[in-house]
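Here is the structure we will look at.
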Amino acid sequence: MSFYKYSPMNPPGQFVGLQNYIHAFYDPLVIVCWKNNLIIFLLSVLLGFWVPIVQAILVNELRFGKSFYRILYLLPAAVPPMVAFIVWKWIYNPDYGFLNSLLAKIGFGPYGWLNDPRTSKLSLCLPGLLEGGMGILPGLVGGGLGVFLYLAALQGIPAEMFEAAEIDGASPFQKLRYILIPYLRPIIFIHSILAINISLQIFDQIFVMTGGGPVNSTRVLTLNIYYYAFRLCQMGYATTIASLLFLVTFVVVAFQFKAQRILKGR
Amino acid sequence: MLIPKIGRYNKTLLLCVYIILILWAIVFLFPFFWMVVSSLKNKIDVYDSSLLIPPLGKVATITMNYDNFLNAHSALTPDELKKQVIEETTVAILYILAHFQRVYQVNILGISDGKEIFNGHVSRFAVERSNPEYLSWSESKVRHAADKILAQYGVKYYEKGKNLKKEELRYPQKISPSDLGLKIQRELQSLNLSGRVHVKMFSSILRMFDTYRMAWASVGGMSFWRFFLNSFIYAGGVIVSQVSISALAAYALSRLFSERVSKFLLMFYLATMMLPAMTLFLPLFLMIRNFPFPTLPFTNIPFPHINLVNTYWGLILPHTAWGFSIFLFMGFFNQLPKELFEAARIDGASEMTIFWKIVTPLSKPAYAVVTLYTFMAIWMTFLWPYLVCTDQKMWPYTVVLFYMQGGVIPPNIVMSASVMASIPTVLVFLLSQRFIRKGVAWIGLKG
C-alpha cells in the first residue's frame, strides 16, 4: 500500500511508486520524529532500564516481609496503563498538579512538565524511573512485571554459589559483579530487545499524555502514522512511515541477535 | 543472597536495603494514593494540591424554628403560610449547597410549637445529577420552583405537624463551636428567613464517595457497567479464539512437524510479535472496513464485503492468535513426555483425539496462564478500540477514561472513574499470583 497514493474512497488508488518513500525521506516532520524517537529511547533506557533489575536484587535480599514487598512492587503492573497515564497527567498539571505545588514549597519555580517543549520528553520518561513499570515500558514484560521476571530469575540461581563466595570472603558487591550479573545476562538481553521494541512502538502513553507534544516535541513515529492515516487520511504515506518503522525495528533486532551471538562466542 | 542468610552479615547494609525499598515504594505508590485522595475531594478542593488528605465531608443539619410564626403572620391564609415556609426551606437548603462546597448533604428539620413541620435530607449528589442549574444560585428561581424541588428531593411537609420523634430536638442545642457551622448560620440569618435558623455540622465519610456515584453515570448517560461489559466481551472473545487456535497451532508445531519446520514457523510467529503495533493497525483497519476484500485483488470487480467497524467482531478478529500464546503453549507441550503420545498413537487414537482427550486435560496450567495473560493484555488496550469503536455504546473503559480527561469533567470525577477502572485489574492480579509467576518463569526459561 505504500507504493500507492491511497484513496480511501476508491482503493487502491493511484500508483506512485517510490514517491512516498522519497517524500518521507525529506519530510521535516518525519525527521523530527526520528529525533524524538531516539531521544525518548535513550531517556527511557537511562531512566528505566536498570530500575527492575535493581528493585529485584534489593527485594531478593529481604528476610521477613518478603511477600508483602513483592506484592507492593507488583502493584504498578496491576493497574491499567491508561489509569496511570491519566493520574500522571494530572500530577504533571502545571497549575493544579501535585509536582508543582511540592516544588513550590521547596522553592523551585513551577515547571511546565508536559506543556513545555524542553521538559516534555523527560516528563514522559520520569515515571519509569520511579516505578519501573508505569513509565515508558508498560505492558507484559515491562517494568512492573519486569521485576517479577528478574525475581524469578534471581531465585533460579543456586544458593551454593553464594555460600561458596561467602566462604571465599567476597563482599556483597563482588558477589553482585561476578555471580549475579553473569546469571542475569540472558534475561537482560531479552529485556533489552523488549525495551527497544516497546520504545519504538509507544503510542498510548504519548497520545494520552501529550498528543504529540507542544510544538511536535514528543511526536514519535507511531504518532505520526496515526495522524497521517486517521486525521489527514493520507493512508499511503502513513503506510510508508509504518514500513520504515518496521524496517528499523527489524534491523535493530537483527543487530541485537548478532551481537548476542558474538558475545556468546566470546 | 548478596547478604548471607546464615552467620554474620553486615547489619547496616541490610538496614540500608530496607530503607531504600520503603522509600522507593512510597514514591512510586504515591500516584495511586493521590488518585484515591483526589477522587474523594469535592469539585473545588481537587484543584488545591497542597491537601494531602481530603477534607472530611460535612453534613449540615439545619433546624428551623417557626415558633410564634402563626401568631406573627395571622393575616396570611394557611396556604400562603405553607408556601412561604416551603420557599424558605428550599432557599435555605440550596443556599448552603451552592455556597459551601464542603457540605455534601443538608438535613433539614422544621419545628413549630413543639411539632415537626418538615423533615428531609438533600444530598449534593442528588442535586448535581438531576438539576445542576440550582447550584448556580438565583434566589428568585429557587423560590419559584420550591414545590417541585421539595417533592423531587423527598423533603416531607406535614401540614398539621407531626410529633417529634426525638424530644430533645424541640430545644435546639447550644450553638455549635465549629467555624463552618457559625458561618453558615450567620449567612442564613442574613437571608431574612422567618424561621429561626440553627445549624449543626456533622462529618460524614460516606458522603465523600459520592464522586464515585457521579462517575458511574457521567459519560453519555450510560452507566459504567456498559463499558466494563464491552471490555469483558472484547476480552472474552479474544480469549476464546486465542486459546483454541493457539493451542492447536502449538500442538501442531511441537508434535506434528519436524524439528526444523517447527523451529522455522516459531521464529516466524515470534517475528510477528516484533512488528510495531501501529504498522499493523492501519492495514487492519482498512481490512475491517471492508471485510474481507472490497474488490477482488488486482481487479475492479466488487466483492461482497461487510463493514465491521464499530462492532464486536471488528474488535476481536485482529487478535485471533498471538505469537506469544503459541510460544507459551509450545513451551508447555514440549515438556510433555513423548511416550504418552506414542502410546496413544499405537492404541489407534487420531491426532484430534489425542489433543482433546490427553493433552488438554494435562495442560490446564498452560491454559490458565494464557487466559490470564490475554485477559490482562486486552483489558488494558487502548489503541485498537479507540480506532474501531466510533460509537459511545461500544467503548471499552480505556477509551472512556481517555475521553473523560479532556477537562470538561471535573478532575475528582475522572479520578474516581480511574479508581473504579483499576479495581478489577488489581483484584484479578492479586488472586492469580501463582499463574503469573508460572508464566513469567516460562518466559525466563525459554528465552
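Order of the sequence lines fixes the chain letters, A, B, ..., with proteins taken first and strands second; residue numbering starts at 1 for each chain.
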Check ring-ring contact (aromatic ring centres under 6.0 Å, His included) between A:Tyr183 and all other residues, then give those that pass, not counting sequence neighbours.
none
Portion of B:Leu387 that has a non-hydrogen atom of chain A nearer than 4.5 angstrom:
side chain
Determine the interplanar angle of the A:Phe98 and B:Phe30 rings, folded into 0 to 90°, and report it as parallel if under 30°, tilted if 30 to 60°, perpendicular if over 60°.
tilted
State, with a plain yes or no, whether a side-chain heavy atom of B:Leu21 is found less than 4.5 Å away from one of A:Val59.
yes
B:Phe285 vs A:Phe230, ring pair (Phe, Tyr, Trp, His ring centres under 6.0 Å): CA-CA, chis, key distance, verdict
CA-CA 10 Å; B:Phe285 181 74; A:Phe230 292 98; 5.0 Å; yes
For the residue pair A:Ile91 and B:Trp34, establish whether any side-chain heavy-atom pair is separated by less than 4.5 Å.
yes
Could you pull out the closest heavy-atom pair between B:Ser418 and A:Val83, with the gap in Å?
O-CG2, 3.7 Å
Calculate, to the nearest 0.5 Å, the distance between atoms CG and CD1 belonging to B:Leu383 and A:Ile202 respectively.
12.5 Å
Take the angle between the ring planes of A:Tyr226 and B:Tyr386 and call it parallel below 30°, perpendicular above 60°, tilted in between.
tilted
Can you tell me how far OG of A:Ser101 sits from CG of B:Leu52, rounded to the nearest 0.5 angstrom?
8.0 Å
Heavy-atom distances under 4.5 Å only: say whether B:Leu14 touches chain A with side chain, backbone, both or neither.
side chain
What part of A:Ile179 is in contact with chain B, defined as an atom under 4.5 angstrom from a non-hydrogen atom: side chain, backbone, both or neither?
neither
Separation of B:Met415 CE from A:Ile86 CD1 (nearest 0.5 Å):
7.0 Å
Smallest separation among heavy atoms of A:Leu72 and B:Ala25, with atom names
CD2-CB, 3.6 Å
By a 4.5 Å heavy-atom criterion (distance strictly below it), what part of A:Thr249 contacts chain B: side chain, backbone, both, or neither?
side chain
Spatial distance of atom OG1 (B:Thr381) from atom CE (A:Met82) [nearest 0.5 Å]
10.5 Å
Residues, nucleotides or ligands: over 12 heavy atoms within 6.0 Å of B:Leu23 CG
yes
Enter the distance from A:Leu58:CG to B:Ile19:CD1 here, rounded to the nearest 0.5 Å.
12.5 Å
Does the side chain of B:Met376 come within less than 4.5 Å of A:Pro80's, by heavy atoms?
no
Quick one: what part of A:Phe250 sits under 4.5 Å from any heavy atom of chain B, side chain, backbone, both or neither?
neither
Grab the two heavy atoms, one from A:Val208 and one from B:Gln405, that are nearest each other, plus how far apart they are.
O-NE2, 4.0 Å
Evaluation steps, ring pair (Phe, Tyr, Trp, His ring centres under 6.0 Å), between B:Phe402 and A:Phe85:
CA-CA 9 Å; B:Phe402 172 68; A:Phe85 301 152; over 10 Å; no
When the ring planes of B:Tyr47 and A:Trp90 are compared, do they come out parallel, tilted or perpendicular, using 30° and 60° as the limits?
perpendicular
Hey, does A:Trp88 have a side-chain heavy atom less than 4.5 Å from the side chain of B:Met35?
no
For B:Val428, which atoms come within 4.5 Å of any heavy atom of chain A: side chain, backbone, both, or neither?
neither
Measure A:Phe246 against the heavy atoms of chain B and call it side chain, backbone, both or neither at under 4.5 Å.
both
Using non-hydrogen atoms and a 4.5 Å limit, figure out which bit of A:Ala238 sits close to chain B: side chain, backbone, both or neither.
both
Answer with side chain, backbone, both or neither: which region of B:Leu13 has an atom nearer than 4.5 Å to a non-hydrogen atom of chain A?
side chain
Look up atom CZ in B:Phe281 and atom OG1 in A:Thr222, then write down how far apart they are to the nearest 0.5 Å.
11.0 Å
